[in-house]
Each structure stands twice: as structure tokens, then as C-alpha cells.
Number of protein chains: 2
Amino acid sequence: MVDKIDKQILRLLQLDAKKTTKEIAAALGLTTTPVHERIKKLEREGYIQQYSIRIDRKKVGLMMMAFCSVSLKNHERSFIEKFERDIQMLDEVIDCYHIGGMFDYLLKVLVPNMDEYQRFISKKLADLDNIGTVQSSFVMSEIKHSTQIPNQFL
Amino acid sequence: MVDKIDKQILRLLQLDAKKTTKEIAAALGLTTTPVHERIKKLEREGYIQQYSIRIDRKKVGLMMMAFCSVSLKNHERSFIEKFERDIQMLDEVIDCYHIGGMFDYLLKVLVPNMDEYQRFISKKLADLDNIGTVQSSFVMSEIKHSTQIPNQFL
DNA sequence: CTTGAAAGCCCTGAGGT
DNA sequence: ACCTCAGGGCTTTCAAG
């Protein structure tokens, strides 16, 4: 379990993972040792899954983002598992969720431009077996892109 | 602009932001100085927007994730701007995209459980002015949750 | 744009309260 | 569970190729 101090550490690291143990300790009124041990524990027990950077996608040429709702034709277990394995191979799909509602899956897709998106849909996605309906929604602007966990829960 | 080496640095840091300058230098066959300067440049010029950690949401009690499609009643500029400002205030909304298609906005929402979700929809979201239709899709499982930028574009 | 070295700070672990 | 303290490694900077 995590206590209040652990949660504060997670919150600070979420905002800036480069913050030093020393800085975090100062912010919490502790010394570096307990902070260091808590961080190691959070890593070991999987609360912290990864240290990463957020990259400006447009600066590296990925101008187009879309959400793609997909429903399958056949819902037998083996078909579902195959689809979920295939999706892992598609680099353009950065997120994929199995959802309840009118569609089966929601995909978040990142590509350089509309041509590449069309190529993705018609050449890569449509090439998978068992694809029923596909419906695309293009992102016009990103209103909010917060860090993972709402502060009220940390 | 970023060259091939910069892109490799971004890729490595995306996978593990704790990698030391020394390790990255070794991986690229360079010394620490040029790598350090390139990283500073990538930070300064905004390619790297943030250093962060990925937290296991379920381990901190956020068992429920949902996508929420929202359409507005009134589409005048001032109403749109108000909605976009209001959304920033809602902690449970971790992502919000202005999209083209049947709805106006797609929200990614994180809450502890169904009760909290209902409270969010009926007390917080519905309390905003100008909300037309709302349609929720619950995430049953996360098939893929990759780091931001597809490797083929780095 | 590269190298190599040097100073300083940080992480990290031992031992004590 | 926290603090003090010290060793070793890393970042960061600078002079020079």
C-alpha cells in the first residue's frame, strides 16, 4: 500500500521526473534517504511503471491524430485474441482499448498526414481478418492532455 | 530540426528517461558531451515537453476508465471557449480532444468506480452549461498503451 | 562537431537514534 | 521510519583539436 507521502512523491515525479531526491525531500520536509527508499519501493512494487519523456508530436512531423472505432465480425475468443495480437504490430496505433458500447475497440492513431492515414486504414487495418465496421474521428485540437493521474486521487 | 542522432536519443529516452547520458553515448558510439548538448537542445527547443513517470492507475485505486463523447448545444465561439475552459477544471478528465464527426469532443475520464463516474457525469459534467448529448463508452481492457511516438517515425 | 578531463553534486548504502 | 555521513558515479562545463 501507499501512504500519503508516497502519493505526494508520485505526484511530484509525475509533474517532473527529473526532480532530484534532494528536491523532493526538501518539499516534503524529509532527508534524501527515506525518499530514496520510498521511490525504490514504488518502482519495485510496480506503482511506477516507467520513466519517460513526453515528445511534441507535431515537432517530429506527426501532424495527424485520429480515433478509430472498430467492430469485429466474429466475436469468438480465438478471433478476438488474434485481433489483439495483430494490433500490437501496428506502430501507428499508440493506444487500443476494448470498450463496451456500439463498437468493440477504440484505437488512437498517429500518422504524419492524411495520405498516411488513408494508407494505414486501407492497407494495414483493412488487411487484418475479421474487421467489421471502421469509423474514424479526426482530432482537430487537443484541448487537454494532462499527466496520467488526477491530482485529487493522489 | 532534428537529425537521425537526435531521433535516436528521443527514442531511447522515451523508453527509459532514467538512462544516463553516458549509457546513451555508449549506445550511439559517442561521448557524453555531444549527447548532453543534444539533450539540452531538445529540451530548450521543446521537442522534449516533459519528463514524467507512468503510474499504474489500478494500483492507486482508479479502477474505472471511460471515454465520453460530448456534443454541445450552442457552437458560437464564446460558448466553445467557455466549455474548453471549464473542462480544464475537471480533474477526472485527463484528456480532451476537439474532434470532427458526430460529436464535438472526446473525453478520457479516470475515476475510482462506477459510483464516482455517475457522480462525475451527473454532478460535474451536466452542471456545465451548453452540454447537448453525452455518450459514455467504458474501457473493459487496455490492449495497448504504448509510449507516445511510433518508432517508425523516430 | 568532437574529445578528454576536472569540479561539484547527487545517489546510494551503512550505521545510529 | 527517520537522520547523519561518506564513497563513488554521474552530470556539467571548459579548453582544445
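For the numbers below, each heavy atom of this structure counts, side chains included, while hydrogens, waters and symmetry mates do not. Below, chains carry the letters A, B, ... as their sequence lines are ordered, and counting in each starts from 1.
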Run B/Thr21 and B/Thr32 through side-chain hydrogen bond (donor to acceptor under 3.5 Å, both in side chains) and show every step you take.
CA-CA 6 Å; B/Thr21 311; B/Thr32 62; over 6 Å; no
Whole-Å distance, A/Lys19 NZ to C/dC11 C1', equals 18 Å
*Shared hydrophobic cluster, A/Phe103 / B/Val70 (ILVMFWY, side-chain heavy atoms < 4.5 Å)*: no
When rounded to whole Å, the NZ to P distance for the pair A/Lys18 and D/dC10 reads 14 Å
Inset, instruction - Look at A/Arg38 and D/dC2 and indicate whether a side-chain polar atom (N or O) is within less than 4.0 Å of OP1 or OP2. - result: yes
How about B/Phe138 and B/Tyr117: are their ring centres within less than 6.0 Å of each other?
yes
Closest to the side chain of A/Thr20, out of D/dC2, C/dC10, D/dT11, is C/dC10
**Prompt:** Under 4.0 Å between a side-chain N or O of A/His36 and OP1 or OP2 of C/dC11?
**Reply:** no
Between A/Tyr97 and B/His145, what is the ring plane arrangement, given parallel below 30°, perpendicular above 60°, and tilted in between?
-> tilted
| query | Think B/Thr31 has a side-chain N or O under 4.0 angstrom from the OP1 or OP2 of C/dT3? | reply | yes
Atom OH of A/Tyr51 and atom P of C/dC11 are separated, to the nearest Å, by 11 Å
Taken to the nearest whole Å, CD1/A/Ile39 to C1'/C/dG13 is 15 Å
Taken to the nearest whole Å, CD1/A/Ile24 to C1'/D/dC2 is 17 Å
Atom CG of B/Leu28 and atom C1' of C/dT3 are separated, to the nearest Å, by 16 Å
Taken to the nearest whole Å, NZ/A/Lys22 to P/D/dC3 is 15 Å
Separation of C/dC1 atom C1' from B/Lys40 atom NZ, nearest Å, is 19 Å
Q. Closer than 4.0 Å, any side-chain N/O of A/Thr33 to the OP1 or OP2 of D/dC2?
A. no
